[in-house]
Structures are given as C-alpha cells and as structure tokens.
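Remember, it's a predicted structure, so these values are computed and weren't measured experimentally. Note on naming: letters A, B, ... go to the chains in the order of the sequence lines (proteins, then strands), and numbering restarts at 1 for each one.
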Amino acid sequence: EAQVTQNPRYLITVTGKKLTVTCSQNMNHEYMSWYRQDPGLGLRQIYYSMNVEVTDKGDVPEGYKVSRKEKRNFPLILESPSPNQTSLYFCASVAGGASSYNEQFFGPGTRLTVL
Amino acid sequence: AQSVAQPEDQVNVAEGNPLTVKCTYSVSGNPYLFWYVQYPNRGLQFLLKYITGDNLVKGSYGFEAEFNKSQTSFHLKKPSALVSDSALYFCAVRQRDYGQNFVFGPGTRLSVLP
C-alpha cells in the first residue's frame with residue numbers, strides 16, 4: 001500500500017530535550033515536505049526537499065532541522081524544543097520535480113506537546 | 001510571494017443543499033491549485049486539482065471546483081451536501097513555473113446539518 005508514515009504519532013516532551021520525528025514514504029517520490037498545523041493558521045511549510053541531499057527552508061524553519069540522506073526518509077529534528085513548537089506536524093511527499101503538478105500524499109500526523 | 005485566502009472560517013449548510021467553500025489566491029505566475037479535506041484525527045486527503053484546460057474540475061466524493069483567473073479564485077462546490085462531508089477543507093497553491101513551495105490557506109470548517 002502506497003503511504004507516508006510518521007513516528008511517533010503522539011509525543012509529550014520537555015523544553016530543551018532533543019527529539020526526532022521520522023517520516024518515510026514507499027512511493028519513490030522525489031519531493032518531501034514538513035508542515036505544522038495550528039488553529040486559524042492552516043498548514044505552514046517548515047522545510048522541503050527536492051531530492052536526496054537537497055533541502056530548503058519553507059516559511060517557518062526556525063528551530064527545526066531536516067536531512068535527506070535517502071530518498072524514502074525525511075526526518076524532522078528539534079534540537080532544543082520550546083513550548084511554541086507545540087503543534088500538529090505533517091509530512092508529505094509528491095511525485096515529480098520542481099514543476100510537478102502532482103498532489104501531495106500526507107502522513108497521519110504527529111501531535112507534539114512541549115512542556 | 002504566494003498566498004491563499006479562505007474568507008470563511010466556518011460554513012454551515014443543510015443536508016441536501018448545495019455548498020460552496022471559497023478560496024482566492026495570489027501568485028506571480030500561473031498556478032496549480034488544489035483542494036484537500038481533513039477529517040478529525042486524520043491527515044489531509046486530496047480532493048481535486050486545477051492544472052490547465054477546462055475551468056471546472058471534478059474530483060472525489062462529488063466535489064467540483066471552478067477556476068476563475070480574472071477573480072483569482074478557486075471555489076469548491078458540491079450540488080448536494082451530505083452530513084459526512086463535515087470536515088476541515090484546505091485550498092493550496094503551487095506556482096507553475098518555479099513552484100518549489102506549496103502554500104495553504106487557513107482552512108474552512110464545513111458543518112452539514114441533518
């Protein structure tokens with residue numbers, strides 16, 4: 001089954017404790033992206049990756065890191081989480097390159113709470 | 001810069017009535033436009049997209065959307081609403097010629113009342 005998986009689905013942590021949210025897709029998609037969803041703000045893009053070893057900042061990259069060492073995986077790293085990073089996070093992937101008109105496939109989401 | 005507006009936070013409609021969820025966009029080039037739906041505790045699901053050609057596009061679950069270039073709008077419609085259509089709807093845009101970013105609107109919560 002074609003899918004995007006995220007782990008963990010729920011996470012409660014404390015300020016300053018480094019964490020990683022994993023994302024994996026089995027569709028051989030080039031483009032992957034991370035979003036955060038906050039009430040009234042919709043989805044805001046954190047980082048995206050056009051392909052292996054190619055990543056770039058989205059609209060709200062501060063406090064986050066990503067890497068793309070393999071095509072299927074795109075982990076999101078919070079080196080020192082803060083309470084304002086409490087949010088619902090989604091990973092997504094798209095087939096095709098920069099001019100692709102294909103739709104995104106979304107993971108199930110990770111609800112993160114930073115105390 | 002690209003932006004998407006969904007002017008209504010909430011839309012209420014009676015079951016069986018037509019529904020419209022509004023979306024307007026701003027992009028410097030030609031856009032690719034998308035609608036997604038999010039059910040409670042779920043990820044986003046793709047509904048439909050406009051790429052080129054016919055301004056009226058049809059998608060999943062009986063939804064359709066009309067692209068209007070002069071008004072820079074891409075409103076989502078359905079002729080007869082179902083209670084099961086109640087969800088959060090997002091409009092998104094990607095710039096055609098240099099479209100590395102997807103930009104989403106803030107979302108519209110649709111409630112279909114029995």
Minimum heavy-atom distance B:Pro106-A:Gly40, with the two atoms named: CB-O, 3.6 Å

Taking CZ in B:Arg109 as the centre, count heavy atoms belonging to other residues, nucleotides or ligands within less than 6.0 Å. Is the count above 12? no

Between A:Asn102 and chain B, which part of the residue has a heavy atom less than 4.5 Å away: side chain, backbone, both or neither? both

Which atoms of B:Gln45 come close to chain A, meaning under 4.5 Å heavy atom to heavy atom: side chain ones, backbone ones, both, or neither? neither

Exactly one of A:Tyr48, A:Tyr31, A:Phe90 clears ring pair (Phe, Tyr, Trp, His ring centres under 6.0 Å) with B:Phe102, and that residue is A:Tyr31

Using heavy-atom distances under 4.5 Å, tell me whether A:Gln104 contacts chain B through its side chain, its backbone, both, or neither. both

More than 12 heavy atoms from other groups under 6.0 Å of NZ on A:Lys71: yes

Co-membership, hydrophobic cluster, residues B:Tyr39 and B:Leu47, 4.5 Å side-chain: yes

Hydrophobic cluster identity match, A:Phe105 and B:Val93, side-chain contacts under 4.5 Å: no

Does the separation of the ring centres of A:Phe106 and B:Phe46 fall below 6.0 angstrom? no

Kindly indicate whether the side chain of A:Leu43, heavy atoms from C-beta on, has any atom under 4.5 Å from the side chain of B:Val103. no

Hydrophobic clusters here meaning ILVMFWY residues chained together by side-chain heavy-atom distances under 4.5 Å, can you tell me if A:Val52 and A:Ile77 are in one? no

With ring pair (Phe, Tyr, Trp, His ring centres under 6.0 Å) as the criterion, how do A:Tyr35 and B:Phe104 come out once you've worked through the C-alpha distance, each side chain's angles and the decisive distance to 0.1 Å? CA-CA 10 Å; A:Tyr35 298 88; B:Phe104 283 77; 5.3 Å; yes

Below 4.5 Å from any heavy atom of chain B, which atoms of A:Leu41 appear? Answer side chain, backbone, both or neither. backbone

Would a hydrophobic clustering, with Ile, Leu, Val, Met, Phe, Trp and Tyr connected at side-chain separations under 4.5 Å, put B:Val11 with B:Leu19? yes

For the residue pair B:Phe34 and A:Glu103, what are the closest heavy atoms and their distance? CE2-CA, 3.8 Å

With the side chain counted from C-beta on, respond yes when A:Arg9 and B:Asn41 share a heavy-atom pair under 4.5 Å apart, and no when they do not. no

Quick check on A:Val94 against chain B: is it the side chain, the backbone, both or neither that has a heavy atom closer than 4.5 Å? side chain

Would a single hydrophobic cluster contain both A:Phe74 and A:Leu112, if residues Ile, Leu, Val, Met, Phe, Trp and Tyr are joined by side-chain heavy-atom contacts under 4.5 Å? yes

